[in-house]
Amino acid sequence: MSSESNKSKTSSKAKSFLKKSTNKLKRSFDVFQNKSHENKYKTLDADETDDEKEIKKLRNEIILLDSDEEGDTKHPIEILDDDSTGENDNKEINQNNELTDGADFISLKFSDSEASSGDENKELDNSDDEYSMDDNESNINSDRPTVLNNTPWIKDHDHSRQRELSDWLTMEIKDFIAYISPSKQEIETRNFAVRRLRESITKLWPDCEVHVFGSYATDLYLPGSDIDMVIVSVAGNYDTRNSLYQLSSYLKREKLARNVEVIAKAKVPIIKFSETHSNIHIDVSFERTNGITAARTIRTWLQETPGLRELVLIIKQFLSARRLNDVHLGGLGGYSIICLVYSFLKLHPRLSTNNINPLDNLGVLLIEFFELYGRNFGYDNVAICVEQDNVSYLKKSLYPELLGRNIFQLAIQDPSDPSNNISRGSFNIPDIKKAFNGAYQLLVNTCFDLHNATYRDRVGQSILGNVIKYKGKERDFKDERDLVTNEALQEGSEFNNRIVRAKSRVYVSDNESSEDDEVDDSGVDRLSNLKRQNINKKKKNFKKSEIPNKGKKVDEFMGIVDSEDESENQGAIDAKKLKRINSIDKDTKREYWLKKGNSLP
Ligand SMILES: Nc1ncnc2c1ncn2[C@@H]1O[C@H](COP(=O)(O)OP(=O)(O)OP(=O)(O)O)[C@@H](O)[C@H]1O
Ligand SMILES: [Mg+2]
C-alpha cells in the first residue's frame, strides 16, 4: 500500500477519533445546556438551614483583618480593610462596610430590591440573573478615580493596543500571575519556617515525620496562604488530644509560635498558629496521609495541564478578596477550587481535542469558567469526579454519599476517598455562584466597553482590576521561582520519584493479588497500611480468614523486610520513610509473621 493511502487512512482515523471525543465531551457539557433546565437558584436563600443562617449572621460580625498587625499575616491581601489610615482597624463589618452595602459587585446581603437595580445593563442581563452590576464597577468611566493604584500589575505592561480583547485579558492574567508569584525572599522565608518547625518538632518527637502538603507543596499559594503541615509516624499514635496540647505548649514554650489555637473537636483536629519568624500561618494536623497523597496528585495535574496554575490563582484571589474562600464560613477552599478548575479544563471540548492552546486563551477560559459555575452548572444534578484518567460529571442522585443537606450543595468526589465530598463544607454556594456570575458579567461588560473605546481611552485601563480586587501591599513584580527552590515542592517531587522507583520493585504473585494490594504501593500508602495493621493489632485478634496470604514479595509490599532482603530493597527504596518502616520493632515483625504462619492451612 502506498504511503499516501496510509496517510489518508491515519488522518481519517484521527478525524473520526476527534469527532468521537468531541461528541463525548459535548455530551458532557450538554448537562449544562439542558433547555428545559429550570433555574432554581432564585429561591436558594430560602433553602438555608438555621445553621447556615446563623453562620451568615456571624459572617457579618467578622473582625476586620489588619495585615500589618504583628502576628497576623494570614490574609495580607484581604480587601476588607480599605482604610489606609488604619482608623478602621479591627472594627466589625457593619452596614457601612463595602461588602455588606453592596459596593462590591457581589452583594453578600442580597435582597430583592437590590436585584431590580442596574437598568443600564439590562440588555446584558439574562432573565435568570440574581445579580445586577453596580454602576461603580465600570473600569473605564473617566468620571471615576483611576484604577491604576489597584492594578499594580499593569504598570509598564500596557496591552491596550491589542485588537482582540481576549488576548489583552490573557496577557493581563499572565501579568497578574507574575505579580502575585513569590519572590526569592518569600520562598526562602517559607522554606526556613518549615525547616525550623520540622527540626524542633522532631526534637520533641523523634519518631515522627513532618510533611508539608496543601498549596505550598503544590506551588499554588497566594502571598497570604497558610502552610499545611502534617505529623505522621509509623505507630500512628500522635492523633490524640494529649499530643495536640503537648505540641501546642511546646511551640509556645520554644517561642516557635504565636496566636496558638488548638482545634480539638473538629473532624480533623489541628493546631493553628503563626510562625514567629515569618508570621506565616501554619496548620498542623496529625497522622493523616491523604493530604500528602492529594498534593502528589495535584502536582501531576499541574504538570499535565497548562493553564491550571494561572486560573487557580486568579479564582483563589477572586474568592479571597470577597471572603468567599474560607470554608469555616461556607466558602470554597483551595482544594475545591483546584478540582473545579481542573475538571473544567479537562472537560473543555476545545482543550481536550487540542483545538486551542490553553496558555494563549486564558482570557476566554476565565470568562467561560465564570459562565459555567456562575450560570450554567447544575449544582443540584451534577457531581464532579476528578479520578485519574476519569475526569467526568456524575449524576448526583446516584451518589447519595456525596449529597449534603442542601440539594444545591456543590459535590466534588475526593479522588482518594470516593465517599468524601471535598466541598461538603462550602454551604455558601448561593453567594459563590452569584460572585461567579457577577465576574462573568463584569468581564463581558468591561471587554465590550473597551472594545468600543478609542485606543487613547484604553491606555492605562485594566480588564481584571475589579475582578481581582487586589488591595495588598505593593509587590516587586518578580516571579523568582526559578531562582530558589521551594523545598516543599522539591521534597514532594522527590517523594514521587521514589514511589515510581519503588512501584517497579513491588509485586505480588498474580493468582494471589488483591485489589487492595495493587493500589497501596506508594510510600505514603505503605505507611497507612502499616498504621492500619497496628490499629488492627490493638483492636482485635485476627481471624484466620482475615490473615493476609500474599505472594512471595508481600513482605516488601507491606513494608516489612527481613534483614537479608534489606540490601536489595534498600537500593531501590532509599526513602527515609521506608527506612523507618523497615526498621519497625521486632515485636511488630514477629506478630506479622505469626499471623502469616497462622494463615497456612
Ligand atoms: N474537604 C476536604 N477533604 C479532603 N481533603 C481536604 C479537604 N479540604 C482540604 N483538604 C486537604 O487539605 C489540603 C489543603 O487544603 P486547603 O483548603 O488549605 O487548600 P490549599 O491548596 O492549601 O489552599 P490555600 O492556599 O488557600 O491554603 C488540600 O490539598 C487537601 O489535601
Ligand atoms: Mg492551605
Side-chain angles (χ1 to χ4, degrees), residues 73-78 180-182 186 190 193-194 211-232 263 266-275 280-302 308-309 311-342 383-387 401-402 404 409-427 429 432 472 486 488-489 492 495 524 528:
T73 57
K74 180 157 169 77
H75 295 285
I77 52 168
E78 281 293 347
I180 207 75
S181 287
E186 282 170 319
R190 282 175 178 258
V194 171
H211 288 272
V212 179
F213 64 105
S215 59
Y216 188 47
T218 52
D219 217 4
L220 287 173
Y221 56 101
L222 291 174
S225 286
D226 61 4
I227 297 181
D228 300 287
M229 298 178 106
V230 60
I231 290 172
V232 289
I263 303 179
K267 191 174 169 204
V268 181
I270 52 170
I271 307 180
K272 286 171 107 57
F273 58 90
S274 308
E275 198 273 333
I280 293 172
H281 271 244
I282 313 274
D283 277 4
V284 178
S285 54
F286 297 81
E287 305 290 7
R288 294 174 72 93
T289 50
N290 51 354
I292 309 174
T293 313
R296 184 210 308 164
T297 305
I298 295 165
R299 279 192 300 269
T300 313
W301 290 354
L302 284 165
L308 180 60
R309 179 168 186 270
L311 292 186
V312 165
L313 290 178
I314 297 273
I315 306 297
K316 269 188 157 182
Q317 168 59 27
F318 170 81
L319 291 172
S320 144
R322 288 159 181 85
R323 202 68 197 260
L324 289 170
N325 64 332
D326 187 341
V327 181
H328 297 111
L329 301 173
L332 210 53
Y335 195 24
S336 298
I337 297 172
I338 296 163
C339 294
L340 279 193
V341 179
Y342 178 66
I384 293 171
C385 167
V386 284
E387 250 172 36
E401 64 280 14
L402 299 180
Q409 176 69 55
L410 175 63
I412 304 172
Q413 193 179 45
D414 188 341
S416 59
D417 173 5
S419 66
N420 179 32
N421 174 6
I422 289 167
S423 56
R424 68 181 180 279
S426 306
F427 60 79
I429 291 301
I432 294 165
N486 168 344
L489 188 67
F495 197 61
V524 168
S528 314

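Every number for a ligand or one of its atoms is a count from 1 in the order of the listing.
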Starting from the N and O atoms of ligand 1, find every protein N or O within less than 3.5 Å and list the pair with its distance.
from: ligand 1; atom 1: 1 (N); to: Ile422; atom 2: O; distance (Å): 2.8
from: ligand 1; atom 1: 3 (N); to: Asn420; atom 2: ND2; distance (Å): 3.1
from: ligand 1; atom 1: 17 (O); to: Gly334; atom 2: N; distance (Å): 3.3
from: ligand 1; atom 1: 21 (O); to: Ser215; atom 2: N; distance (Å): 3.4
from: ligand 1; atom 1: 22 (O); to: Ser215; atom 2: N; distance (Å): 2.8
from: ligand 1; atom 1: 22 (O); to: Ser215; atom 2: OG; distance (Å): 3.4
from: ligand 1; atom 1: 22 (O); to: Asp228; atom 2: OD2; distance (Å): 3.0
from: ligand 1; atom 1: 23 (O); to: Lys316; atom 2: NZ; distance (Å): 3.2
from: ligand 1; atom 1: 25 (O); to: Ser215; atom 2: OG; distance (Å): 2.7
from: ligand 1; atom 1: 25 (O); to: Ser225; atom 2: OG; distance (Å): 2.8
from: ligand 1; atom 1: 25 (O); to: Lys316; atom 2: NZ; distance (Å): 2.8
from: ligand 1; atom 1: 27 (O); to: Asp226; atom 2: OD1; distance (Å): 2.8

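Residues forming a ring-ring contact (aromatic ring centres under 6.0 Å, His included) with Phe273 (at least two apart in sequence, or on another chain): none. Partners of Thr297 under the side chain to side chain contact (heavy atoms under 4.5 Å, CB included) rule, at least two apart in sequence or in another chain, are Trp301.
Residues Ile384 and Leu340 share a closest heavy-atom pair of CD1-CD2, 3.5 Å. Nearest heavy atoms, Pro269 versus Phe286: O-CD1, 4.1 Å.
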Applying side chain to side chain donor-acceptor pair (under 3.5 Å) to Ser416 and Arg296, what does each step give before you reach the verdict?
CA-CA 11 Å; Ser416 59; Arg296 184 210 308 164; over 6 Å; no

How far apart are the C-alpha atoms of Asn421 and Ser423, what are their side-chain angles, what is the distance that settles it, and do they pass the side chain to side chain donor-acceptor pair (under 3.5 Å) test?
CA-CA 5 Å; Asn421 174 6; Ser423 56; 3.0 Å; yes

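Within the protein, the number of N, O or S atoms lying under 2.8 Å from the Mg ion (ligand 2) is 2.
For the pair Val232/Thr289, a side-chain contact is recorded, criterion being any heavy-atom separation below 4.5 Å from C-beta on. A heavy-atom distance below 4.5 Å is not found between the side chains of Arg424 and Ser336.
Lys316 contributes no side-chain N or O that, together with a main-chain N or O of Asn325, makes up a donor-acceptor pair within less than 3.5 Å.
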